[in-house]
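Right, one structure below, let's go through it.
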Amino acid sequence: PPLLQVKDLCKSYAQQTEWAVDHVSFSLGRGEILALLGPSGCGKTTTLRMLAGFEKPNQGQILLKEQDITESPPQKRNIGIVFQDYALFPHMTLLRNVTFAMRHIEKTQQVEKALEWLQLVGLKDYAKRYPHELSGGQQQRVALARTLAAEPELVLLDEPFSNLDAALRESTRKEMRQLFKKAGTSVILVTHDQAEALTFADRVGVMQQGQLVQLNTPQLVYQQP
Ligand code: ADP
Ligand code: ADP
C-alpha cells in the first residue's frame, strides 16, 4: 500500500462560497517526491495544512500507513514541515535549533549528527551563530536541516526555495532531491514554479481552483498545455 492516501479532501473557509480545496484525491508512494503545482490561490497550501493537521477538512480522509490521521493533532503525525515562514528559535544557535529536533537520537551523537545536517545545507561553519545573523535563504536551509534531523516519514515543503537566489536555488534543489532519494524520504512539495516542479518531483499534480486537474510524470505534464 502507498505511504499516504488522500481521499476526497474538501475544505472551505468561513465566509467563502467556493471550495479552497475541492474533492482532492491522490496517493503517495514510499520514497516518492510529489509536487503540487498551480497558481497562487489554487489550494496548494490549504492541502498541505490539512496534511500537517493545522487545518481540519470539511470532508475526506487522510491515511498515513493505512492509519486514519484525518483527526490527529500535528505532533502525532510524524510529518516534517518546512513552510515559507521557517520559524527558527531566535535565542538558540543553529546547532541547538537542529539538535532540538533530535530527541530520538542519543545525546552524545546529537551534535555530530546535527553538524552533518548543517554541512549538507552548506552551513556547518555557522553552527555557533544565531538565526538573526543569517539571510532568509540561509535560515530556510537551517529549517530544512532541522526538519530532516527529526527523520520524519513524510516531509511537506511549501515553496522551500523561494527565498534563495536563482543559482543557489538550482543547486539546493539538486542536493535536496539527492538527499531525499538517498534517505528514502517521501516528499510533497508545493510550488507555483513549473520548472521547479518538473525537475524536483517524480510526479506532478496540477491544481486549479481547488481541484487536482492532472497528476502525472513531469514529462507527461510538460507535454500537455
Ligand atoms: P501562498 O504564498 O502559499 O499562496 P499566501 O501568501 O496566500 O500563501 O498565504 C499566507 C497565509 O495567509 C496562509 O497561512 C494562508 O492560510 C493565509 N491566507 C491566505 N489567503 C487568505 C485569506 N483570503 N484570508 C485569510 N487568510 C488567508
Ligand atoms: P495557494 O497555496 O495555492 O496559494 P491557498 O491554499 O493559500 O492557495 O488558498 C486557497 C484559497 O483559500 C484562496 O482562495 C485563499 O484566498 C483561500 N484561503 C486560504 N487561507 C485562508 C484563510 N485562512 N481564510 C480564508 N480563506 C483562505
Side-chain angles (χ1 to χ4, degrees), residues 4-28 32-64 69-75 77 79-87 136-137 139-141 143-144 147 152 154-164 166 169 172-173 176-177 180 186-218 220-222 224-225:
L4 179 78
Q5 286 172 278
V6 174
K7 297 181 179 172
D8 210 27
L9 214 56
C10 292
K11 176 74 187 175
S12 72
Y13 290 101
Q15 330 280 357
Q16 227 125 336
T17 51
E18 312 250 304
W19 291 110
V21 172
D22 187 357
H23 298 88
V24 164
S25 302
F26 64 89
S27 60
L28 180 77
E32 188 182 16
I33 300 178
L34 172 73
L36 294 178
L37 171 70
S40 183
C42 73
K44 307 182 297 290
T45 302
T46 303
T47 303
L48 223 54
R49 289 177 63 81
M50 288 192 282
L51 295 177
F54 299 149
E55 210 77 71
K56 239 182 89 150
N58 297 96
Q59 191 180 311
Q61 251 188 334
I62 303 166
L63 306 182
L64 185 65
I69 58 160
T70 316
E71 306 282 327
S72 310
Q75 61 275 17
R77 296 189 180 207
I79 292 178
I81 307 145
V82 181
F83 281 114
Q84 283 164 331
D85 44 7
Y86 36 81
Q139 288 187 41
Q140 196 141 18
R141 279 145 68 198
L144 221 42
T147 298
L154 168 64
V155 170
L156 308 177
L157 305 172
D158 189 352
E159 308 257 0
F161 311 119
S162 57
N163 288 336
L164 309 180
R169 194 178 308 158
T172 307
R173 198 154 75 200
M176 292 304 305
R177 186 180 152 82
F180 287 133
S186 308
V187 179
I188 299 178
L189 165 89
V190 151
T191 183
H192 62 261
D193 181 337
Q194 184 179 335
E196 185 162 304
L198 294 175
T199 55
F200 191 74
D202 302 320
R203 275 194 307 158
V204 178
V206 180
M207 290 192 72
Q208 234 170 57
Q209 298 181 323
Q211 298 180 344
L212 190 60
V213 294
Q214 248 197 85
L215 181 57
N216 227 319
T217 60
L220 290 174
V221 165
Y222 185 64
Q224 289 173 22

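Counting from 1, the numbers follow the sequence of the chain as shown. Both ligands and their constituent atoms are indexed starting at 1 by order of listing. Please read all numbers here as calculations on a predicted model, not as lab measurements. Only this structure's heavy atoms are used, side chains among them; waters, hydrogens and symmetry mates stay out.
Listed by number with element, the atoms of ligand 2 under 4.0 Å from a non-hydrogen atom of Ser40 are 4 (O). Applying the 4.0 Å criterion to heavy atoms of Pro39 picks out, from ligand 2, the atoms 3 (O). Residue-ligand proximity, Ala20 to ligand 2, at heavy-atom distances under 4.0 Å covers atoms 11 (C), 12 (O). Listed by number with element, the atoms of ligand 2 under 4.0 Å from a non-hydrogen atom of Cys42 are 1 (P), 3 (O), 8 (O).
When the options Met50, Gln16, Arg49 are ranked by their closest heavy atom to atom 26 (N) of ligand 2, first place goes to Gln16.
Remark: the Arg173 side chain and the Thr199 side chain contain an N/O donor-acceptor pair separated by less than 3.5 Å.
The salt bridge (charged side-chain N to carboxylate O under 4.0 Å, His left out) contacts involving residues 203-214 comprise Glu32-Arg203, where partners must be two or more places apart or lie in separate chains. Counting only residues at least two apart or in different chains, salt bridge (charged side-chain N to carboxylate O under 4.0 Å, His left out) contacts with residues 12-25 are absent.
Residue contacts with ligand 2 for Ala14 are absent, since no atom lies close enough (heavy atoms, distance under 4.0 Å). When heavy-atom distances to ligand 2 are checked against a 4.0 Å cut-off, Met207 has no atom that comes that close, whether in backbone or side chain.
Here the options are Leu36, Val206, Thr47, the test is side-chain contact (heavy atoms from CB on, under 4.5 Å), and the partner is Leu212; only Leu36 passes.
Ligand 2 lies within reach of Gly41, whose nearest heavy atom is under 4.0 Å from it.
Using a 4.5 Å heavy-atom cutoff, the side chains of Phe180 and Leu189 are not in contact.
Taking CD of Glu159 as the reference point, atom OG1 of Thr45 lies at 7.0 Å (rounded to 0.5 Å).
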